[in-house]
J.: 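The structure that follows is given in the form of structure tokens.
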Amino acid sequence: MKGFRAHLQRLPEADPALDGVDLETFHYGEWLLAQGHDFKTGRESTPLFGEYYAFQCLSIKKYFAELAGYARDHARSRGREIIVSGNFFNCEPMYLALADDVDLVITEMRNTTYRQPEWYRYVAAFAGDKDVVVVENPYGGVVPELIGLLGEGKGYDLFRLSLYEAAAMGVNMSVPYGSWMGSVIEDSFSAPHGLAVEIQDFLAGHEGLFARRTANEVAVVFSVASTRELIGKADVSDNTANARDESVVVPYRVVTGTLSESAVPYDVVIWADGVTAPDRADGSGLLRYSTVILPDVFALTEGQAAAVRRYLAAGGTVVVTDRVADALSRHDNVRTARHDVLGELLPHGRQVETPAPVAANLHRLAGGSYALHLVNYDYDRSEDAVRVRTGVPLRVRLPESRPHATAVASDGTRTPLEVTQEDGVHVVRVDTLGVYTIVVFHDGEPA
């Protein structure tokens, strides 16, 4: 209460709700109770809640940085270097400001499902240039069912999908070894050792085919200020259920889900609100994308509006859905789309085309090659396996021409592919598409 009082005193303008209130003696809790608010129900509509939220975010930034710095300094005084992290639960935007103070990001996902490429793309954006480790959540997801299957010698492909999907989308999924299953389930989760080794051996042995930087043509902006209220309503639930109110439409989630379901590779660009976390919008960072989608982005800082203007001036295409920021003036390169209509979201067409039910992400490799990561979701419950697709046609638009292609399967098999080009589109046919395949487009050297 003392901290919040000091925070209110530092504001350039007092909230109208505080008219006639003596801020020298103000106590937020007592003030709320006197007006009939208990802070247990309807918190989002409680007076001063927005400022209280901002105060809490600024406070955890201050004290987390203090603790992380103290830990590092103390270790150095003993001749040691330590790695600092924390549980960035679900990579919630409230933790954005803390990412500067850690060496790697560790996050427990809110909802563990069998298919969530759009969530991993968000997490990859949150982590930026830092490594990220994702931990499964025992509540409100598929983990209890998966444990039951694995205990019966089943569900191996589902477990493979879990780890390969994360890797393909730019992050690392932890390998459960005695993982905590919570105070409700009261158990632990140890994946079959041979299965875990199989997956990790492949990932470790092919690190050269992974990169943080992508060659994706599309960027989707996650606006913290624009999404905060809707996501708060959609995800209101205690942490032993983690239920989601599907009646609440969050356009950002609909857009990224629509793209992911259609094998569209994309990057997420997170724009903070400039209060709870610094606004680091950079127009130059958008220039490599042919399309930037602003789903329901109605709140822009001055820096974010300037970034959009710079991108448009350079010839980029902006697609807006739902509510639009006043600062975004009319421009010939601004298109309006419905948040669930793929063709309207992609005025320049699809970068990757394939009939297979996959998620796609295009990594830009250090040596100049491009690695298209494909995760095959065609799981057959009756067969307890992902269906292997044969002769899968694939059309990929790359920033540069590459005359050769090699398919790398998750069993380590490498198969050269014949490449033809049509108006800048690389056309190949993948002989066999299993759970996970990486198609590398390269020059003369083998992938």
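Values below: every heavy atom of this structure, side chains too, minus hydrogens, waters and symmetry copies.
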J.: From Ser410 OG over to Ile199 CD1, what is the distance, rounded to the nearest 0.5 angstrom?
T.: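 Spacing of OG (Ser410) from CD1 (Ile199) equals 9.0 Å.
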J.: Using a 3.5 Å distance criterion without hydrogens, assess whether the side chain of Arg310 forms a donor-acceptor pair with backbone atoms of Gly283.
T.: no
J.: Look up atom OG1 in Thr276 and atom CE in Met94, then write down how far apart they are to the nearest 0.5 Å.
T.: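 If I round to the nearest 0.5 Å, the distance is 9.5 Å.
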J.: Once salt bridge (charged side-chain N to carboxylate O under 4.0 Å, His left out) is applied, do any residues pair with Lys233, and if so which ones, sequence neighbours excluded?
T.: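 For Lys233, the residues satisfying salt bridge (charged side-chain N to carboxylate O under 4.0 Å, His left out) (neighbours in sequence not counted) are Glu229.
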J.: Does the pair Trp119 and Val134 meet the rule for a side chain to side chain contact (heavy atoms under 4.5 Å, CB included), with working shown?
T.: CA-CA 11 Å; Trp119 185 80; Val134 176; 3.7 Å; yes
J.: Could you check if a side-chain atom of Leu161 sits within less than 4.5 angstrom of a side-chain atom of Arg115, using non-hydrogen atoms only?
T.: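 The answer is no; the side chains never approach within 4.5 Å.
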J.: Hey, does Val221 have a side-chain heavy atom less than 4.5 Å from the side chain of Val292?
T.: yes
J.: Are Trp271 and Leu300 packed together at the side-chain level, in the sense that at least one heavy-atom pair is separated by less than 4.5 angstrom?
T.: yes
J.: Looking at Asp380, I want to see if its CG is surrounded by more than 12 non-hydrogen atoms of other residues, nucleotides or ligands under 6.0 Å.
T.: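 Above 12, so yes.
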J.: Give the intermediate values and the outcome of side-chain hydrogen bond (donor to acceptor under 3.5 Å, both in side chains) for residues Thr258 and His339.
T.: CA-CA 8 Å; Thr258 300; His339 51 236; over 6 Å; no
J.: Side-chain contact, heavy-atom cut-off 4.5 Å: Leu417 with Val439?
T.: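 When only atoms from C-beta onward are counted, Val439 and Leu417 do touch, with a gap below 4.5 Å.
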J.: Is the shortest side-chain heavy-atom distance between Asp100 and Lys61 below 4.5 Å?
T.: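 Of all side-chain heavy-atom pairs linking Lys61 with Asp100, at least one is under 4.5 Å.
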J.: Consider side chain to side chain contact (heavy atoms under 4.5 Å, CB included). Of Leu294, Val268, Leu230, which one does Tyr252 pass it with?
T.: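 Among Leu294, Val268, Leu230, the one that satisfies the side chain to side chain contact (heavy atoms under 4.5 Å, CB included) with Tyr252 is Val268.
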J.: If I compare all heavy atoms of Ile293 with all of Leu345, which pair ends up nearest, and what's the gap?
T.: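 Heavy-atom minimum between the residues: CD1-O, 3.7 Å.
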J.: Using the side chain to side chain contact (heavy atoms under 4.5 Å, CB included) rule, take Arg350 and Leu342 through it: C-alpha gap first, then chi angles, then the decisive distance, then the call.
T.: CA-CA 9 Å; Arg350 296 168 61 172; Leu342 185 67; 4.1 Å; yes
J.: Evaluate Val427 against Leu394 for side chain to side chain contact (heavy atoms under 4.5 Å, CB included), listing each step before the verdict.
T.: CA-CA 6 Å; Val427 182; Leu394 190 63; over 6 Å; no
J.: Report yes if some heavy atom in the side chain of Val318 is under 4.5 Å from a heavy atom in the side chain of His331; otherwise report no.
T.: no
J.: Less than 4.5 Å apart, any side-chain heavy atom of Ile270 and any of Tyr122?
T.: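 In contact.
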J.: Could you go step by step and tell me if Arg397 and Asp423 meet the salt bridge (charged side-chain N to carboxylate O under 4.0 Å, His left out) rule?
T.: CA-CA 9 Å; Arg397 190 164 54 231; Asp423 297 326; over 6 Å; no
J.: For atom CD of Glu145, decide whether the heavy atoms of other residues, nucleotides or ligands shown that lie under 6.0 angstrom number more than 12.
T.: yes
J.: Taking side-chain hydrogen bond (donor to acceptor under 3.5 Å, both in side chains) as the criterion, tell me which of Thr437, Asn376, Asp378, Asp431 meets it with Arg389.
T.: Asp378
J.: Please work out which of the three classes, parallel, tilted or perpendicular, describes the rings of Phe49 and Phe39, given edges at 30° and 60°.
T.: tilted
J.: Should Val324 and Val297 count as side-chain neighbours, where that means a heavy-atom distance under 4.5 Å?
T.: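 With C-beta onward as the side chain, the pair stays apart.
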J.: Kindly give the heavy-atom pair with the smallest separation between Val143 and Thr112, and that separation in Å.
T.: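 So the two residues come closest at CG2-CG2, 3.7 Å.
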J.: Can I get a per-line list of side-chain donor-acceptor pairs under 3.5 Å for residues 354-361, giving both atom names and the distance, sequence neighbours left out?
T.:
unit_1 : atom_1 : unit_2 : atom_2 : d
Thr354 : OG1    : Ala356 : N      : 3.4
Thr354 : OG1    : Pro393 : O      : 3.1
Asn361 : OD1    : Asn216 : ND2    : 2.9
Asn361 : ND2    : Ala168 : O      : 3.0
Asn361 : ND2    : His363 : NE2    : 3.4

J.: For Cys91, does its backbone N or O pair with a side-chain atom of Thr107 as donor and acceptor, under 3.5 Å?
T.: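 It does hold such a pair.
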J.: For Ala225, is there any backbone N or O sitting under 3.5 Å from a side-chain donor or acceptor partner on Asp273?
T.: no
J.: Quick check: closest heavy atoms across Ile185 and Pro138, and the distance to 0.1 Å?
T.: CD1-O, 3.7 Å
J.: Could you check Arg160, Gln116, Met173 and say which one makes a side chain to side chain contact (heavy atoms under 4.5 Å, CB included) with Glu165?
T.: Gln116
J.: Any donor-acceptor pair under 3.5 Å linking the side chain of Asn137 with the backbone of Asn111?
T.: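 A pair under 3.5 Å: no.
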J.: Could you tell me whether a side-chain N or O of Lys130 sits under 3.5 Å from a main-chain N or O of Asp103, the two making a donor and an acceptor?
T.: no
J.: Has His426 got a side-chain atom pairing as donor or acceptor with Ser401's backbone, closer than 3.5 angstrom?
T.: no
J.: Rounded to the nearest 0.5 Å, what separation is found between the OG atom of Ser174 and the CZ atom of Phe189?
T.: 9.0 Å
J.: Please name the residue in the list Glu217, Gln351, Glu118 that meets the side chain to side chain contact (heavy atoms under 4.5 Å, CB included) test with Tyr266.
T.: Glu118
J.: Any donor and acceptor pair, going by atom type alone, linking the side chain of Gln304 with main-chain N or O of Thr301 inside 3.5 Å?
T.: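 Side chain of Gln304 to backbone of Thr301: a pair is present.
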J.: May I ask you to check whether Tyr379 and Tyr114 place their ring centers less than 6.0 Å from one another?
T.: no
J.: Counting N and O atoms only, with roles assigned by atom type, does the side chain of Asn90 sit under 3.5 Å from a partner on the main chain of Met109, one being a donor and the other an acceptor?
T.: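 No.
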J.: Verify the ring-centre separation between His373 and Phe210: is it less than 6.0 angstrom?
T.: yes
J.: Of all heavy-atom pairs between Ala99 and Phe88, which one has the smallest distance, and what is that distance?
T.: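 Closest approach of Ala99 to Phe88: N-CE2, 3.9 Å.
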J.: Check step by step if side chain to side chain contact (heavy atoms under 4.5 Å, CB included) holds for Glu422 and Arg395.
T.: CA-CA 9 Å; Glu422 303 172 0; Arg395 296 172 58 87; 2.8 Å; yes
J.: Give me the atom names and distance for the closest heavy-atom approach of Val275 to Ala54.
T.: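 Residues Val275 and Ala54, closest heavy atoms: CG1-CB, 4.1 Å.
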J.: Go through Arg213 and Asp129 one step at a time and tell me if the salt bridge (charged side-chain N to carboxylate O under 4.0 Å, His left out) criterion holds.
T.: CA-CA 9 Å; Arg213 185 169 171 80; Asp129 292 332; over 6 Å; no
J.: Is it the case that more than 12 heavy atoms not belonging to Arg364 sit under 6.0 Å from its CZ atom?
T.: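 Yes.
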J.: For the pair Asp131 and Arg212, find out whether any cationic side-chain nitrogen is under 4.0 Å from an anionic carboxylate oxygen.
T.: yes
J.: Which heavy atom of Ala191 sits nearest to which heavy atom of Phe159, and what is that distance?
T.: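 Heavy-atom minimum between the residues: CB-CZ, 3.5 Å.
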J.: Is the backbone of Ser223 close enough, under 3.5 Å, to the side chain of Ser226 for a donor and an acceptor to pair up by distance?
T.: no
J.: Sub-3.5 Å donor-acceptor pair from the side chain of Thr321 to the main-chain atoms of Asp296, do we have one?
T.: yes
J.: Can you tell me how far apart OH (Tyr164) and CG (Leu203) are? Round to the nearest 0.5 Å.
T.: 5.5 Å
J.: Roughly how far apart are Leu163 CG and Tyr436 OH, rounded to 0.5 Å?
T.: 11.0 Å
J.: Centroid separation under 6.0 Å, is that true for the rings of Phe55 and Tyr28?
T.: no
